[in-house]
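Here's the structure, in structure tokens; my notes come after.
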Amino acid sequence: MPMSFSSRSFPARMPRCLALVCAMALCCGQNRLSAIGPDSAELNKAIDQDYDAYLSDLFLHFHQNPELSLVEFKTAARMGRELRAVGFDVTEGVGGTGIVAVLANGDGPTVMMRADMDGLPVEEKSGLEYASKATQEDPITGNVVPVMHACGHDVHITSLVGTARYMSSNRDRWSGTLMLIVQPAEERIAGARAMKQDRLWDRFGVPDYALAFHVSAQTEAGMINVVDGSPYAGSDTVDIIVHGVGAHGASPHRGKDPIVLASQIVLALQTLVSREIAPREPGVITVGSFHAGTKHNIISDEARLQLTVRSTNTETRQTLLDGIRRIAVNMGRVAGLPDDKLPEVIVSEESVPPTFNQAELAQRLRQAWTDQIGSEVVIAETQKGMGAEDFPVFTTEPNIPSVYWGIGGTPAEAFAAEADGGEMVPSHHSPLFKITPEPSVKRGIESTVIALIELMPKP
């Protein structure tokens with residue numbers, strides 16, 4: 001928070017004239033902060049009041065009424081009403097259920113802020129009194145399944161509404177064009193691509209900057225986590241069809257066993273990461289599904305493998321994909337298969353590049369958050385896992401300077417209890433997942449508003 005300064009703020013042995021010079025310099029720095037954004041106390045007060053009066057109930061509504069990817073019709077309709085009500089020009093139905101809301105406010109850059117809105121086919125078992133009891137027909141399988149916000153997207157869209165309400169009510173503090181994107185189907189890494197394919201940038205213009213955040217159950221509530229480089233991995237979905245020659249299980253010499261061949265492929269794939277990727281370069285190949293055969297004593301004529309492949313740069317991605325194809329096809333040759341029966345490797349369109357923060361922009365926003373909120377809440381912790389996001393689909397081709405940051409969502413006492421042998425903090429996508437909404441939503445709004453005003457200052 002802003003501080004007051006006097007010559008008494010400095011060591012007693014410092015000459016009084018030097019102390020006054022330092023105080024003046026610090027005061028000038030304080031005035032600069034006031035120029036680029038709201039006073040921290042004033043901003044926090046506005047967010048507190050809006051949360052208590054409006055946003056708290058809105059969060060509960062979204063949490064109790066989650067919708068699956070591609071069918072977020074009611075969520076999208078509510079978001080459209082919320083954004084239109086505070087003066088944004090709202091276009092619905094972009095790329096399916098996506099929304100683009102634009103507020104022009106004088107000369108300046110166009111800054112995009114994105115929030116994803118879909119839930120997951122998970123039955124909530126968090127024990128929260130406001131837990132979701134929703135069910136919905138899955139548009140992919142046709143099955144009716146329970147639905148839960150098990151990844152915090154309810155925090156994202158509530159914070160986006162709070163941000164929109166503040167920015168609309170304080171247009172005297174910034175200048176430029178604010179573009180808010182409410183994205184569908186992030187959990188299927190399909191929504192960003194669908195919006196791009198619906199001529200997103202042709203229709204609304206290419207923004208000068210793109211921003212997004214994700215709430216994290218593994219980070220203390222209220223913390224802001226921003227890194228230079230890649231906060232999230234790229235993800236590729238790969239299928240391998242392994243052909244064989246069917247035979248009786250008692251006469252394996254009469255066939256070509258695809259289960260044995262597929263097993264050899266699974267084991268060989270692990271050498272790609274351990275022997276072809278540099279030891280300090282992250283990469284993951286996981287075979288998540290292996291299907292083959294129908295009966296104990298039948299050698300099938302086909303096996304199918306389903307893989308997820310993760311990387312943090314384009315070079316590693318290409319090494320892994322090329323290696324998967326090379327290993328699968330040549331293991332087929334080792335098994336003596338003819339060319340027309342060699343394994344097929346299919347890389348799905350359900351792929352996304354790594355999320356990549358432009359270092360200069362990340363450092364600029366980190367400084368703004370440190371100045372306005374305090375260094376004690378701004379951290380730079382690299383993800384230990386290789387989770388992926390489809391946000392970079394927005395920011396590549398064309399390349400848009402972007403930053404994707406994290407907001408902590410779990411109280412410190414929950415981590416302390418876990419360290420003492422108590423209940424583990426649930427991960428994302430778990431039926432036990434829960435985020436403490438108040439500090440998460442408030443910090444989401446605060447960090448976003450500060451970032452937006454930093455990038456769109458009033459002349």
Side-chain angles (χ1 to χ4, degrees), residues 51 55-56 58-69 72 75 115-136 138 145-159 185-189 212-225 227 231-233 235 284 286 288 308 310 355 377 379 381-391 404-444 447:
Y51 185 86
L55 298 175
S56 175
L58 184 64
F59 171 84
L60 293 179
H61 168 78
F62 285 137
H63 187 86
Q64 293 178 316
N65 295 278
E67 293 180 289
L68 294 171
S69 304
E72 312 93 336
T75 305
D116 39 11
M117 61 174 163
D118 51 330
L120 285 158
V122 175
E123 181 181 359
E124 183 164 0
K125 299 178 182 178
S126 64
L128 296 170
E129 62 179 15
Y130 54 85
S132 169
K133 295 179 175 60
T135 60
Q136 191 176 22
D138 189 317
V145 296
V147 190
M148 173 190 176
H149 270 302
C151 204
H153 295 185
D154 45 358
V155 171
H156 304 170
I157 52 180
T158 305
S159 295
E186 186 277 332
E187 297 293 359
R188 291 190 176 273
I189 56 175
F213 78 78
H214 204 299
V215 68
S216 171
Q218 305 307 314
T219 305
E220 183 179 330
M223 302 298 285
I224 300 172
N225 187 22
V227 299
Y232 284 92
S235 171
V284 169
T286 294
T308 186
R310 306 296 172 107
T355 303
V377 301
I379 58 176
E381 294 183 355
T382 303
Q383 295 270 357
K384 293 182 179 179
M386 293 284 277
E389 248 284 354
D390 70 348
F391 175 68
Y404 192 111
W405 68 97
I407 296 293
T410 298
E413 52 267 28
F415 292 113
E418 177 181 290
D420 289 339
E423 183 179 326
M424 289 185 64
V425 174
S427 72
H428 291 246
H429 292 215
S430 164
L432 305 176
F433 175 84
K434 55 186 174 184
I435 288 295
T436 305
E438 184 170 351
S440 305
V441 171
K442 287 182 177 180
R443 188 68 85 201
S447 60

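Residue numbers run from 1 in the order of the sequence given. Not measured: the values here are computed from a predicted model.
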Side chain [X], main chain [Y], donor-acceptor under 3.5 Å:
X	Y	answer
Asn225	Glu381	yes
Ser430	Pro426	no
Arg310	Met386	yes
His156	Val215	yes

Distance in Å, [X] [atom1] paired with [Y] [atom2], rounded so as to fall on 0.5 Å steps:
X	Y	atom1	atom2	result
His153	Glu67	NE2	CD	14.0 Å
Ser427	Leu432	OG	CG	8.5 Å
Leu60	Glu129	CG	CD	8.5 Å
Leu58	Tyr51	CG	OH	10.0 Å
Thr436	Lys442	OG1	NZ	12.5 Å
Glu123	Thr135	CD	OG1	10.5 Å

So, do [X] and [Y] sit near enough that their side-chain heavy atoms are less than 4.5 Å apart?
X	Y	value
Glu389	Glu186	yes
Val122	Glu124	no
His429	Glu187	yes
Asp118	Thr75	no
Gln64	Lys133	no
Asp154	Pro66	no
Phe391	Phe213	no
Glu423	Glu418	no

### Query
Stepwise, does the side chain to side chain contact (heavy atoms under 4.5 Å, CB included) test hold for Ile379 with Thr219?
CA-CA 10 Å; Ile379 58 176; Thr219 305; 4.2 Å; yes
### Query
Parallel, tilted or perpendicular: which fits the ring planes of His428 and Phe433, with parallel below 30° and perpendicular above 60°?
tilted
Minimum heavy-atom distance between [X] and [Y], given as atom pair plus value:
X	Y	result
Ser132	Ala134	OG-N, 3.2 Å
Gly222	Val377	O-CB, 4.2 Å
Ala221	Pro411	CB-N, 4.1 Å
Phe59	Val155	CE1-CG2, 3.8 Å
Ile435	Ser440	CG2-OG, 3.2 Å
Ser235	Ile189	OG-CD1, 4.4 Å

### Task
Given side chain to side chain contact (heavy atoms under 4.5 Å, CB included), test Val147 with Asn65 step by step and report yes or no.
CA-CA 8 Å; Val147 190; Asn65 295 278; over 6 Å; no
### Query
Any ion pair linking Arg188 and Asp138 (charged N to carboxylate O, less than 4.0 Å)?
yes
### Query
For the rings on Tyr404 and Tyr232, is their centre-to-centre separation under 6.0 Å?
yes
### Query
Looking only at side chains, do Ser216 and Gln218 share a donor and an acceptor under 3.5 Å apart?
no
### Task
Quick one: list whatever passes side-chain hydrogen bond (donor to acceptor under 3.5 Å, both in side chains) with His149, sequence neighbours left out.
none
